[in-house]
Student: 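This structure is in structure tokens; I'll ask about it shortly.
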Amino acid sequence: MSYTYEFSRPAVTVDLVAFRIHDDALEVYLIRRPEPPFKGHWTLPGGFVHENEALEATALRILSDKTEIGDVYLEQLATFGAPDRDPRDRTISVAYFAILADGDAAGTDGDWFAADAPPELGFDHTSILTVAVQRLRAKLTYSDLGLAFMPETFTLTELQRSFEAVLGQALDKRNFRKSILSSGRVEATGEKSTGGAHPPAMLYRRADGT
């Protein structure tokens, strides 16, 4: 059975906010647009949703094509649909954010910038980035999202520095350790760190089931 569709069909895109922590700072991956609109501007990686493609599949495709990263934490962020957000045509964007663990790299088409001090971005990507940072900081306090930044094993000091990078503020060491250990989100591996100038510290990992 065929149907008559009387309404306009705006284009749908996915924009991706990819975060990492590097040198104790929260960074976001940006690419420079090679064509209009906003040619030469830095933007979030993004692309149009194919006709028979699910939104998350688009996000994963963009992640793979434009950052060369595959298996990462991925979460839908919000929908952005201001009528004038894209000068080409009516376009609605569904934004996702991704978290790259320590040691992950990214493609050569872009670069990393401080998430709280990015360059001028094209489209409404400054607003998207702002919402993503706010979401990340909020979820850090009640979920295990902060563990997605960590390698397979880590010290509590490394984990605290990761949290501080996201929150943009120092945390009390004693209170942080008490909170993390009582949350059940991490468990000791029974092994200690090697190398470095400091005495060996206990290594932890994400607890089973978290």
Side-chain angles (χ1 to χ4, degrees), residues 13-34 38 40-47 55-56 58-82 85-86 93-151 154 157-172 176 180 185 206:
T13 63
V14 165
D15 288 307
L16 183 68
V17 188
F19 289 120
R20 75 170 184 181
I21 292 175
H22 182 67
D23 290 340
D24 296 331
L26 181 66
E27 296 184 334
V28 62
Y29 188 71
L30 303 174
I31 59 174
R32 193 182 290 276
R33 277 189 64 81
F38 300 104
H41 282 68
W42 291 99
T43 62
L44 299 168
L55 291 173
E56 185 168 327
T58 304
L60 291 171
R61 173 170 56 82
I62 293 169
L63 190 66
S64 176
D65 291 348
K66 297 192 177 182
T67 71
E68 299 180 5
I69 295 294
D71 186 18
V72 299
Y73 180 89
L74 185 68
E75 180 177 320
Q76 190 175 124
L77 175 65
T79 302
F80 297 82
R85 63 173 305 276
D86 189 331
S93 177
V94 181
Y96 282 76
F97 72 90
I99 294 177
L100 281 65
D102 182 43
D104 282 341
T108 57
D109 293 336
D111 207 348
W112 292 94
F113 294 86
D116 60 354
E120 181 180 355
L121 303 182
F123 301 100
D124 56 352
H125 290 187
T126 296
S127 296
I128 295 176
L129 175 57
T130 298
V131 173
V133 171
Q134 292 172 344
R135 171 75 65 83
L136 185 62
R137 288 174 174 170
K139 293 198 69 172
L140 203 68
T141 61
Y142 65 84
S143 74
D144 63 341
L145 194 61
L147 298 175
F149 287 104
M150 307 308 296
F154 48 86
T157 296
E158 291 169 339
L159 183 60
Q160 179 176 338
R161 286 161 57 184
S162 173
F163 273 58
E164 291 174 337
V166 174
L167 296 173
Q169 63 184 41
L171 299 173
D172 179 79
F176 175 81
I180 286 295
R185 298 175 194 163
R206 184 186 298 231

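Positions are given from 1, in the same order as the sequence printed here.
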Student: Give, for atom OH of Tyr73 and atom OH of Tyr96, the distance between the pair rounded to the nearest 0.5 Å.
Tutor: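 With rounding to 0.5 Å, OH (Tyr73) is 12.0 Å from OH (Tyr96).
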Student: In chain order, what residues pass the side-chain hydrogen bond (donor to acceptor under 3.5 Å, both in side chains) check against Asp172, with sequence neighbours excluded?
Tutor: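 By the side-chain hydrogen bond (donor to acceptor under 3.5 Å, both in side chains) rule, Asp172 matches Asn175.
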Student: For Pro118 versus Leu129, what's the shortest heavy-atom pair and its separation?
Tutor: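 Minimum heavy-atom contact is CG-CD2, 3.7 Å.
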Student: Which donor-acceptor pairs under 3.5 Å do the side chains of residues 162-170 make with protein atoms, sequence neighbours left out?
Tutor:
| residue | atom | partner | partner atom | Å |
| --- | --- | --- | --- | --- |
| Glu164 | OE2 | Gln160 | NE2 | 3.1 |
| Glu164 | OE2 | Leu171 | N | 2.9 |

Student: So, for Leu140 and Arg185, which heavy atoms are closest and what is the spacing to 0.1 Å?
Tutor: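 Where Leu140 meets Arg185 most closely, the heavy atoms are O-NH1, 4.2 Å.
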Student: List for me each residue that meets salt bridge (charged side-chain N to carboxylate O under 4.0 Å, His left out) alongside Arg33, sequence neighbours excluded, and say none if there are none.
Tutor: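 Partners of Arg33 by the salt bridge (charged side-chain N to carboxylate O under 4.0 Å, His left out) criterion come out as none, since no residue qualifies.
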Student: Are the side chains of Leu44 and Phe123 in contact, using a 4.5 Å heavy-atom criterion?
Tutor: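 No; the side chains remain at least 4.5 Å from each other.
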Student: Atom CZ in Phe38, atom CG in Asp86: separation rounded to 0.5 Å?
Tutor: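 The distance works out to 7.5 Å.
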Student: Partners of Asp24 by salt bridge (charged side-chain N to carboxylate O under 4.0 Å, His left out), sequence neighbours excluded?
Tutor: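 Result, salt bridge (charged side-chain N to carboxylate O under 4.0 Å, His left out) vs Asp24: Arg161.
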Student: By side-chain hydrogen bond (donor to acceptor under 3.5 Å, both in side chains), which residues pair with Thr43, not counting sequence neighbours?
Tutor: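 Thr43: no side-chain hydrogen bond (donor to acceptor under 3.5 Å, both in side chains) contacts found.
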Student: Measuring only between side-chain heavy atoms, which start at C-beta, is His125 closer than 4.5 Å to Arg85?
Tutor: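 Of all side-chain heavy-atom pairs linking Arg85 with His125, at least one is under 4.5 Å.
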Student: Taking the side chain as everything from C-beta on, heavy atoms only, tell me whether Val94 gets closer than 4.5 Å to Thr79.
Tutor: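 Side-chain contact under 4.5 Å: yes.
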Student: Can you tell me how far OG1 of Thr13 sits from CD1 of Ile62, rounded to the nearest 0.5 angstrom?
Tutor: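 Reported value, rounded in 0.5 Å steps: 7.5 Å.
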Student: Report yes if the side chains of Glu120 and His41 come closer than 4.5 Å at any heavy-atom pair, otherwise no.
Tutor: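 Yes, close enough: below the 4.5 Å cut-off.
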Student: List for me each residue that meets salt bridge (charged side-chain N to carboxylate O under 4.0 Å, His left out) alongside Glu75, sequence neighbours excluded, and say none if there are none.
Tutor: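 With sequence neighbours excluded, Glu75 shows a salt bridge (charged side-chain N to carboxylate O under 4.0 Å, His left out) to Arg135, Lys139, given in chain and number order.
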Student: Is there a side-chain contact between Val133 and Val17, using heavy atoms and a 4.5 Å cut-off?
Tutor: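 Sidechains of Val17 and Val133: no contact.
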Student: Can you confirm whether Phe97 sits close enough to Leu145 that some side-chain heavy atom of one is under 4.5 Å from a side-chain heavy atom of the other?
Tutor: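 Yes; the side chains approach each other to less than 4.5 Å.
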Student: Please check this pair: side chain of Thr130 against backbone of Thr126, looking for a donor-acceptor N/O pair closer than 3.5 Å.
Tutor: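 Indeed, once roles are kept as given, a pair shorter than 3.5 Å links the two residues.
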Student: Is there a donor-acceptor pair closer than 3.5 Å between any side-chain N or O of Thr141 and the backbone N or O of Ala138?
Tutor: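 Judged by distance alone, yes, a pair lies under 3.5 Å.
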Student: So, taking the atom named CD1 in Ile180 and the one named CG in Asp144, what distance separates them when rounded to the nearest 0.5 Å?
Tutor: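 CG of Asp144 is found 9.5 Å from CD1 of Ile180.
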